[in-house]
There are 2 protein chains.
Amino acid sequence: MNEAKPPPQRVTIRTVAEDAGVSVAAVSKVMRNAYGVSEALRQNVLESIERLNYRPSNAARGMRGQTYTLGVVLVGIDNPFLPQVFAGIASVANAAGYKILMGVGAAHMPMEASLIEQMIDSHMDGIVMIAAQLSGKLMEKYARQIPIAVIGHHEPLAQTFDTVNANDSHGAKLAVRALVAKGYRDIGMVSLGPYRPHDTYDVAPQREIGFASAIVEAGLGAPKIFRFDNMDDARLGKITSFLAGPDRPRALFVWSDLDGIPILNVARQMGLHVPEDLALIAYDNSPVAALPLIDLASMDQSGIRLGQLATDALLSRIGGRKAAQHVLIDPSLTIRSSF
Amino acid sequence: MNEAKPPPQRVTIRTVAEDAGVSVAAVSKVMRNAYGVSEALRQNVLESIERLNYRPSNAARGMRGQTYTLGVVLVGIDNPFLPQVFAGIASVANAAGYKILMGVGAAHMPMEASLIEQMIDSHMDGIVMIAAQLSGKLMEKYARQIPIAVIGHHEPLAQTFDTVNANDSHGAKLAVRALVAKGYRDIGMVSLGPYRPHDTYDVAPQREIGFASAIVEAGLGAPKIFRFDNMDDARLGKITSFLAGPDRPRALFVWSDLDGIPILNVARQMGLHVPEDLALIAYDNSPVAALPLIDLASMDQSGIRLGQLATDALLSRIGGRKAAQHVLIDPSLTIRSSF
DNA sequence: TGTTCTACGTAGAACGGTGCACAGAATCGC
DNA sequence: GCGATTCTGTGCACCGTTCTACGTAGAACA
C-alpha cells in the first residue's frame, strides 16, 4: 500500500545549505555574489550547487529581490522587423545575466495592458515594449510600477519611461529626397489608416510629418497621403482600385513593408511595371523586401541597434537612473530596383 | 525634508482583506472561486477587489498553487509558420483563463534547456514547445518536472510528454504524388542539412522518409535527396551551383518554405522558368509563399489546429492525465503555379 | 431539548528565497 | 598586548499567496 516513493523533492536553497554545511543565508549570498563571503565558503557552496544541480526559484526570488528576468512585449509575432530587434535585446540582456520572456500584444490595447500587468505580477525587473499601442498616459502609469523602455513610439517628453527610436520623420524625408533625386515629382504616400489624431507619437504619423515637410521643401505642392484601413478585409481590393484609379501618383512612399509588399504584388499583377510605371520605396527593410523576386527599396532602421539601445536604457534604469532618456538614431535607405 | 510620500504600496491580498473586513483566506478563496464562500461574502470581497484594483501576485501564487501561466518555447522568432501555431495556442489558453509567456530557443539546445528551466523556476503550469531541438531524453527529464506538449517533433513512444504533429511523411507523399500526377518523373528532394542520424524524430527526416517511399511506390528508381548546410553562409552559392549543375532534377520537393523561397528566387534569377524548367513544391505554406510574385505551391499543416491540439493536450495533462497522448493530423497541398 | 450535520470563515503554517542586524573571529594600529 | 576595526557567517523576519485543520453557528433530526 504505502508506496515508499519519496516524491522527487525540488532541491531548494535549504538542501544546498545542508549539503554544504552552512547557513541558508550564506548560500543566498553566493548565488547573488553579494558582499561578505570568503573564497573557501564560496567554493564549498558552489560545489554543492553543482552536485545537487540546484537552481533558485524565480518566483521565490521575486518576492523580495530581483528575478533577473526582463519582459518583452511585442505587437504581433508576425511583424517582419521584430527578429532583428529581438536579437539586439537578447544580446545585451544575456550579456548582463538577464533572461527574457516575451508576450504578444496582438496590437490590441487591453491585451498589451494585461501582459504588462502579468509581467509586473511575475515580478520581472523591467519591460521592453516594441511598437506599443498603449497610450502615453497608461504607459506612464505602468512605468511607475516597473522600469519600461519603449521602441517605436515617440514620446520625447515622457518622464517615467525611456524611448528609443529611429528618426521616423527624417527617414521619410530621406525617402522623398531619394525619389526627387531620381527625377520623380508626382510623389504620394501610403500611410497606416485610419487616421487617429491622438496617435501622433506613433511611427506612421511621424513618417507622414517627414513626408509632408520633404514634399513642401522640394516645392512639390500639397502632400498627398492615402490611407487604407489596416483591419479591413477588403483592403487588398481597395489598394487595387487605388492603383487602377486616376489618382495613382508616379511614385509612392509606403509607411511600411507590411503594406509595401502587397502593393508591389498587386501592381505587378495588374500589369504595372515597377519602377517604369510606378516607383516604390517602403519602410523597415524586412527580409522579404530583399528577395530578388520582390526587390523592394526600403528604409532600414537597424533593428538590432534599436534593441540594444533600449535594453541598455532599461538596465541603467533598473540600476537606479531616474531621469528619462530618449534616444534617436538615423535610418538609412537600402536601394533596390523598385525606384 | 521628510517628503510625506507614502510609497505607492502594492495592494496585496491583505489590503483587500482589511478593506472588506474579512480574513486573508476568505479573499484567497474568492479569487480561486474555491468551495465554501457565501454569496454575500463573495460580493463583498469582489467589491473591495474592484475598488482597490487588486491583482494577485503571480510569483507568490506560484510558491504554493498554480500560476495560470503557460510557457511557449519557440525555435526562432522568424519562422514564418509560427504566427499561426501561436494563434492556435493563444486561443485555447486564453479561453481556459491561462496567460502565455514565450521564450526563444534560437534552435540552440543549451538555450532551449535554459528556457525550460527558467519556466520551471517561474512555476509555470505547463510548456508548449514548437519544433524543439532538444533530445527526447532531455525532454523526458524536464517532462518529469512540468507538463510538456511538443509540436513538430515526432516521438510516438514518449511516455512523459505529449506530441502533436502534422503527418510529415504522409505530407511528403502527397507532394510527390501531386508531382507524379502532373507527369514529372525526375523528382528530387531538398532536405535540411546536415544529416544527423539521431534526429530521425524531427520533421525533416520524416519528410525524407515519406518522400523516399513515395518515389519507390511510383517506381521512379532510387530517391535523390540533396542537403545544404543550413548554418552555412555559402549556402546560397551552393544552391546556385546545384541548380546550374547537371544533377538538377526536373521537379523538386523542398522540405520547407525556408529553403523553397530562396531556391525559387535563385532559379528565376538564373533565368530558369518555374515550372517550365523546374517544378517546385515546398512545405509550410507560409504567407510569403502565397504572394503573387512568389506563388509557390506548398504543403499546409494547419498551424492553428496544431497549436490548439497541443494546448488541449497540455491542459488535460495539467488536469491530471498521466498517459501520454500523441496526435497526428493530415496536411494538405496548396496548389500554386510553381508546378 | 439535545445531538449530529453541514456550510461558512478563520488562524496559521507552509512555499523558497532575500536582506537586515548582529555576533564572533581575524586583522590592524600603536 | 589591547582596544578598534574590518571581515565572515548566522538567525530571523519578511515577501504575498495557498491550503490544511479547525472552530462556530445554524439547520435538521430524533
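Each chain gets a letter, A, B and so on, in the order the sequences are listed, and its residues count up from 1. Computed from a predicted model, the values in this text were never measured in an experiment.
For the pair Met63(A) and Gln66(A), nearest-nucleotide mapping onto DNA chain C gives the more 5' position to Met63(A).
Here dC19(D) is the nucleotide among dC19(D), dG19(C), dG16(C) with the atom lying nearest to any side-chain atom of Arg64(B).
Classified by interplanar angle (parallel below 30°, tilted 30° to 60°, perpendicular above 60°), the ring pair His326(A)/Phe161(A) is perpendicular. Using cut-offs of 30° and 60° on the angle between ring planes, the pair His153(A) and Tyr201(A) is perpendicular.
For dT18(C), neither phosphate oxygen OP1 nor OP2 lies less than 4.0 angstrom from any side-chain nitrogen or oxygen of Tyr68(A). At the phosphate of dG16(C), neither OP1 nor OP2 sits under 4.0 Å from any side-chain N or O atom of Ser57(A). For dG16(C), neither phosphate oxygen OP1 nor OP2 lies less than 4.0 angstrom from any side-chain nitrogen or oxygen of Thr12(A).
Not one N or O on the side chain of Asp19(A) forms a donor-acceptor pair closer than 3.5 Å with the backbone of Thr15(A).
Regarding Ile13(A), its CD1 atom lies at a distance of 18 Å from the P atom of dC15(D), rounded to whole Å. Look at CG on Asp121(B): it is 12 Å from P on dT18(C), rounded to the nearest Å.
For the atom pair NZ of Lys141(B) and CD1 of Ile148(B), the computed distance is 11.0 Å after rounding to the nearest 0.5 Å. Rounding to the nearest 0.5 Å places CG of Leu101(A) at 11.5 Å from CD1 of Ile127(A).
In the region residues 24-37 of chain A, proximity to DNA chain D at under 4.0 angstrom, judged on heavy atoms, holds for Ala25(A), Ala26(A), Lys29(A), Tyr35(A), Gly36(A), Val37(A). Contacts between residues 38-49 of chain B and DNA chain C, defined by a heavy-atom separation under 4.0 Å, are made by Ser38(B), Leu41(B).
Residue Ile89(A) is tested with Ile130(A), Leu70(A), Leu306(A) for a side-chain contact (heavy atoms from CB on, under 4.5 Å); the sole match is Ile130(A).
Judged by distance alone, with hydrogens and angles left aside, Arg14(A) brings a side-chain donor or acceptor within reach of the base of dG17(C), the pair sitting under 3.5 Å.
For Arg305(A), the CZ atom sits in a loose shell: 12 or fewer heavy atoms of surrounding residues, nucleotides or ligands are nearer than 6.0 Å.
An angle of 30°, rounded to 10°, separates the two end axes of the helix from dT1(C)-dA30(D) to dC30(C)-dG1(D), each defined over five pairs.
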